[in-house]
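Below is one structure; the comments refer to it alone.
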Amino acid sequence: MVNAPGTERQVRVMEVVRPERSRTVPVPTAPFDPQFEWSRDGRRLAWVEGNRIGWTDVGTGETRVVATASGQLLGWSPRADSIVYATNRATWHVSADSGQPVESKVAGRYASSARWAADLSRAAYAVAARGYRVDVAGGGTPVPLTDPAPRQFSWSADGRYLLYFSGARMRLLDATSGVARTLEVAPSYDVPEAPPPLLIRNVRIVDGTGALASRPSDLLVVGGRIAEISAAGAMRSGGDVRMIDAGGRTLLPGLMNLHAHQTPSKPLLALNVYNGVLSIRDPGPGPRGEWIQSQRERAESGELLAPRIFAVGGTVTAHDRATGLNGRGVDVMDPQSVADQIASMAAVGTDIIKPYFRNPALDAGVSEAAHALALPMTSHFLFLGSLARGLEGKEHSHLYYRGWTSLYRDDVIATLRAANGCVTPTLLIYPVVQLGGRSTRLALDTAFLTDSVIGAFAPPSLIAEARAWLRRPLSAAARATWSQREGWDLESMRRLREAGLRVTTGTDGPALFDEFGVPFEMELLVRAGFTPLEAIRAATLDGASCLGVENELGSVEVGKRADLIIVDGDPTRDIRDIRRIAWVVLGGAPYTRQDIIATVRPSGPR
C-alpha cells in the first residue's frame, strides 16, 4: 500500500506475468492495519474503511460501497458474487452488486478470529482455550475439538483437512470423518559456531554494576564469552584473534528493552542491534507471540541479525476484550481453562506470562497457573494481592488510579520491595504518544527520522507514521494534563530508586520509537533522579536480573556472554553519549554500524 502524506491511499498492483502493466490504484482503506481481499479472478479488491465495506475494480477503477458496518473482512464467496465479513453479532454475505446482505450461521463473535477454508465453507476457532470447527453448509453447528487449547488453525486447499497445534503437538483433522492424528514433525536447526576470538584494546569499561569506569583496559572474547580483562597493553594477540583498537572509547554491556513490541508488519529486529539494544522482551499480545518466537529461532540459527529475544507468549485476558495467545481468549472463571492456556504457552517456549485484568481475583488465577509451571509473571496492572502471590514485574509506570496514574504510595513501594518486583516504566509514552514531542522534561532528539540511513531498515510509510506522532494536534488543556501526569510518574520512579527497587528500560513506543527509544528512556530516568551510572545499570544488569539471566548477560564480567557496545564519549557524564555507537559485539561477533546496514541492504546505503 502506498500511503504518502497528504494524498489518497493507494494500492500498488503488480502484474507478475507482465510487470510493465503494474499500476497504482486509489483504494479507500484504513491507514493502519488495512483489510484487503482479492476476488478469485483477480479483478476486484474488497476493502474496509471505517464503517464502510466495498470493492474496487483494479482494471477500471470502479469503486462501490456495498455495506455500512464495522466488521472483519473474511473474503469473497467462491463465485466472487458476494463479500463475506463478520461483526460482533453475526457473519454476513453481502452481494457485490446489489449490496443485499445474507446472515450466515456462524456466530460473528468468534467468526472474526476464526480460520476459514478457502471457499468459506468451513471455519475453525478457539474460545476459552477450547476449539471448535463449523461446517457452514452442514448447518453451522459448532463441533468441539477434543484437543486442549488448540491454536494456529490452517485448512487444506480443498477444505477437508484442518491443521493445528495443541501444546507442542501438530495435529491433522479429517473434517469429513472427524478423526485427528498427530504429525511427527521435529523441526531443527544448526546453531552457528562461535565467532573467532576477539581482542578489544584500549577501552574504558563501564561494567553495568554501577561501578565507575575502569582505567584503560583490554578485553578478550573466546567462544562468544568474555575470557579475560586486563590492563591496556597487557595482552598479546596472535593466530586467528581479531583485534579492535577502541582508541580509549567506552565499553558497556549491550542495552535491553523489556517492553518492545515487534510485529510481522514491522520487522525491525536488526535496527535494535544498530542502536545497541542486544536483548528485547516482546510483551505480546495475540498470535504474534509465536511469530516472535520463530524470529528467535531464525536469529539463533544465524538466518537473521537480531537481539536476544525473550517472549511473552501472549496476553492472558478475558475473551470479550483483546484476545489472548493465538487469537483466542481464556475462560478466566474456569481454572482448568486457565491452566490449559498457560500450558499451551509454556509448550512453545514462552519466557514469561502477562495477564491483563483489572480484577485482582482473575489476576490471581493466572498467577497460580503460571507459577505452577515455574513461569514468571508480569502485569499491566498492579495489585497488592498479586505481589503477595509472587508477581515478578509491573509494566508501565502509571498505576491506572484516578483514570490513569498517581504517585506510588509507601505501602505499594514497601510491598514491591518485599516481593523483589521489577518495574518497567515505559516513560517514553509521555513525550511521544501523549505529548507528541512537546515534553518539557525531555528534549526529544528526532534527528534519526531524517537520517538517510533509516531508509535501510524502515519503509517510507513507517518513517512518515513516526513523524506524524510528533505533529498531532494537542490542546493546551491536554498538554497540561499529560505534563502533570508525566511529572507524577517521574517522581514515582525517583521514589522507587530511593527504595532500592529494580527499575528497567522498556519503550512501548509506536513506529520506530521502540527501536530508537532506550537511550531516551535512560535520559528520562536521569531526569527522574537516577545518576547516569544508575540509568546504565537499569538498561543492563537490572534488565538481565528481571529477565532471570543475570548470570549470563547484563554486565561486563569474565564468563558472561559477550554482548557489548563501544561508544564515543562518556555516558557516565552525559547519558546522551549512549547513542554514539562505534561498534556492537553480539555473542562475540563484532559489527560496525555499516556492517549492520549491510545485513539488511547488502549493497550498503544508497
Side-chain angles (χ1 to χ4, degrees), residues 193-256 273 275-279 307-308 504-505 518-519 522 531-575 577-593 595:
E193 293 183 3
L198 173 67
L199 176 58
I200 304 173
R201 290 197 180 280
N202 192 17
V203 287
R204 297 170 64 253
I205 297 175
V206 177
D207 64 10
T209 66
L212 296 173
S214 71
R215 294 179 181 275
S217 302
D218 292 347
L219 183 146
L220 178 66
V221 177
V222 178
R225 293 181 179 271
I226 300 169
E228 184 179 348
I229 300 173
S230 65
M235 291 189 204
R236 293 184 178 180
S237 63
D240 62 348
V241 177
R242 178 173 178 177
M243 188 180 75
I244 292 175
D245 185 350
R249 292 179 174 87
T250 305
L251 180 145
L252 308 95
L255 305 179
M256 297 189 172
V273 180
N275 287 303
V277 177
L278 304 188
S279 292
R308 299 186 191 276
T504 68
T505 47
V518 169
M522 296 169 76
T531 67
L533 279 169
E534 289 169 338
I536 291 168
R537 176 168 177 142
T540 56
L541 185 56
D542 282 346
S545 173
C546 292
L547 289 170
V549 293
E550 67 273 21
N551 293 328
E552 290 283 303
L553 300 168
S555 60
V556 184
E557 299 180 63
V558 171
K560 287 194 172 183
R561 295 186 182 275
D563 286 5
L564 310 165
I565 60 174
I566 301 171
V567 303
D568 291 318
D570 183 0
T572 68
R573 293 179 179 272
D574 186 343
I575 196 63
D577 284 347
I578 204 74
R579 302 201 295 263
R580 300 173 61 192
I581 291 174
W583 283 277
V584 167
V585 180
L586 179 57
Y591 300 89
T592 64
R593 282 189 149 178
D595 294 334

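Model, not experiment: these values are computed from the prediction.
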Non-hydrogen side-chain atoms of [X] and [Y] separated by less than 4.5 Å:
X: V206; Y: P571; answer: no
X: V277; Y: T505; answer: no
X: L252; Y: T540; answer: no
X: M522; Y: L255; answer: yes
X: L553; Y: M256; answer: yes
X: T572; Y: I536; answer: yes

Can you check whether G254's main-chain N or O pairs, donor with acceptor, with S279's side chain at less than 3.5 Å?
no

Side-chain donor-acceptor pairs under 3.5 Å in residues 208-217, sequence neighbours left out?
residue	atom	partner	partner atom	Å
T209	OG1	D207	OD1	2.7
T209	OG1	D207	OD2	3.3
T209	OG1	A211	N	3.4
S214	OG	I205	N	2.9
S214	OG	S217	OG	3.4
S217	OG	R215	O	2.7

Scan for salt bridge (Lys or Arg N to Asp or Glu O under 4.0 Å) pairs involving residues 234-255, sequence neighbours excluded, and state none if there are none.
R249-D568

Any salt bridge (Lys or Arg N to Asp or Glu O under 4.0 Å) involving residues 219-228? Give me the pairs, sequence neighbours left out, ordered by first then second residue.
R225-E552

If I compare all heavy atoms of [X] with all of [Y], which pair ends up nearest, and what's the gap?
X: S555; Y: P253; value: CA-CG, 3.7 Å
X: V203; Y: A246; value: CG1-CB, 3.0 Å
X: A544; Y: G554; value: CB-CA, 3.8 Å
X: R593; Y: N275; value: NH2-OD1, 3.4 Å

Regarding S545 and D542, do their side chains bring together a donor and an acceptor under 3.5 Å, going by distance alone?
no

Under 3.5 Å, which donor-acceptor pairs do the side chains of residues 578-589 form with other protein atoms, sequence neighbours left out?
residue	atom	partner	partner atom	Å
R579	NH1	E523	OE2	2.6
R579	NH2	D445	OD2	3.1
R580	NH1	D577	OD1	3.4

Which of I244, I200, D595 passes side chain to side chain contact (heavy atoms under 4.5 Å, CB included) with P590? It is I244

What residues, two or more places apart in sequence or in another chain, satisfy salt bridge (Lys or Arg N to Asp or Glu O under 4.0 Å) together with R573?
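With sequence neighbours excluded, R573 shows a salt bridge (Lys or Arg N to Asp or Glu O under 4.0 Å) to D570, given in chain and number order.
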
Residues in salt bridge (Lys or Arg N to Asp or Glu O under 4.0 Å) contact with E550, at least two apart in sequence or another chain:
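Per chain and number, E550 pairs via salt bridge (Lys or Arg N to Asp or Glu O under 4.0 Å) with no residue.
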
Atom pair [atom1]/[atom2] of [X] and [Y] - distance to nearest 0.5 Å:
X: L219; Y: I229; atom1: CG; atom2: CD1; answer: 5.0 Å
X: L541; Y: C546; atom1: CG; atom2: SG; answer: 9.5 Å
X: D218; Y: N202; atom1: CG; atom2: CG; answer: 7.5 Å

